[in-house]
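This report refers to the structure that appears directly beneath it.
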Amino acid sequence: MSRIPLLAGNWKMHKTVREATALAQDLLEGMGAAFRDREVLICPPFTALGQVHAVIAHTPIQLGCQNVWWAGSGAYTGEVSPAMAKDVGCSYVIVGHSERRTLFGETDSSCHKKVRAILEWGMSPILCVGETLEERDAGQTRARVAAQLVAALKDQSQEDGKRIVVAYEPIWAIGTGKNDTPHEANQTCGYLREVLAGQFGDSVARAVRILYGGSVKPGNIDDFMAQSDIDGALVGGASLEAASFLRIIGHH
Ligand code: PGA
C-alpha cells in the first residue's frame, strides 16, 4: 500500500498572530499548485490557529494543534478541548511530544485518553514516541518506543487505527542539531510498524504513516524520505522559516 507522505511543521511556542499568518501566506505562495502527492500540515500555537485557518482554509495546507485536553468541556483552567480544536479548523493534533512529557507531566495514560478523544472528534492524532540518550545507550530504544505506542493506542479499533499517525522522535535529536541516521531511524520505524501489526493487523500497519522527527533540515530530508518505513517528517526549528520548510516539503 502506498502511503501519502506527511510533512508537518510544529511551530512550538513561536510566532505572534501576525508572524504566523505571514508564514502561512509565504508557504502557500511558495507551494503554488505543486506537491499534490504529499500532505502538508502546520501546527501553530493556539493563539494563532483561527487566523492561520482563515489563510489556509480550502488550500492544500492542513491545520493542526500541538496538544488538547481530553474532556469535551468543563472546569479545566488553561486547557483546550478537542471540540475547540476542531471548531477552529484543526484536522490533526500532536500528542505526547517529548517536551510535553518532560516539561508538562504528560504520561502514557494521558496520551491514551487524548488519542481516544481526538479520534472521537474526527481528527487524527500524531502520537510522538522516542527514547532518551540513556535509554538508547542501554539498548532500550525498541522496548521504550514500543511501550509508549502500545500504551497510547490500546483498545483502539482497526478503523481508528488507520487514522493514527506515529512520529518517532529520539529525544536526544530534538532541537539539538543531532539527527538519527536515516538508516537507524528507518529500522526503528520498521519496528514500530511491526508493533502496530501486532496490535491492529497487517493492513492497518501498512496504512499508518510513521514520521521521523528530530533535527530534520533541508540538507537531510531527502535521505530520510528515501527510507522504506519513513512516511514523512515532524519538523520543529526548520519549519519556522518559509524557505527551509518549503525545501523540506519539496523533497525528492
Ligand atoms: P526539531 O524539533 O526539528 O527542532 O529538532 C522536532 C520536534 O520537536 O518535533
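Whatever order the structure lists them in is the order used to number ligands and atoms, beginning at 1.
Judged purely by distance below 3.5 Å, without hydrogens or angles, the side chains of Q62 and E39 pair a donor atom with an acceptor atom. Under the 3.5 Å distance criterion, with hydrogens and angles disregarded, no donor-acceptor pair is assigned to the side chains of N10 and S239.
Between Y212 and F224, the ring planes are parallel. Angles under 30° get that label, and only those over 60° would be called perpendicular.
Atom 2 (O) of ligand 1 has K12 NZ, 3.3 Å as its closest protein atom, hydrogens excluded (heavy atom only). For atom 9 (O) of ligand 1, the closest non-hydrogen atom on the protein side is E169 OE2, 2.7 Å.
Remark: distances from the non-hydrogen atoms of C128 to ligand 1 are all 4.0 Å or more.
Near G237, meaning under 4.0 Å from one of its heavy atoms, ligand 1 places the atoms 1 (P), 3 (O), 4 (O). Set against the non-hydrogen atoms of A173, the atoms of ligand 1 under 4.0 Å away are 5 (O). Shown in contact with H97 at under 4.0 Å from a heavy atom are these atoms of ligand 1, numbered in order with element: 7 (C), 8 (O), 9 (O).
Considering all non-hydrogen atoms of both residues, L127 and Q148 come closest at CD2-O, 4.5 Å.
Using a cutoff of 4.0 Å between basic side-chain nitrogens and carboxylate oxygens, R142 and E194 are not scored as salt-bridged.
Taking each of G175, G213, S239, G236 in turn, the one with a heavy atom nearest to atom 5 (O) of ligand 1 proves to be G175.
Geometrically, K113 engages W70 in a cation-pi contact, judged by NZ or CZ lying under 6.0 Å from the ring centre and within 45° of the ring axis.
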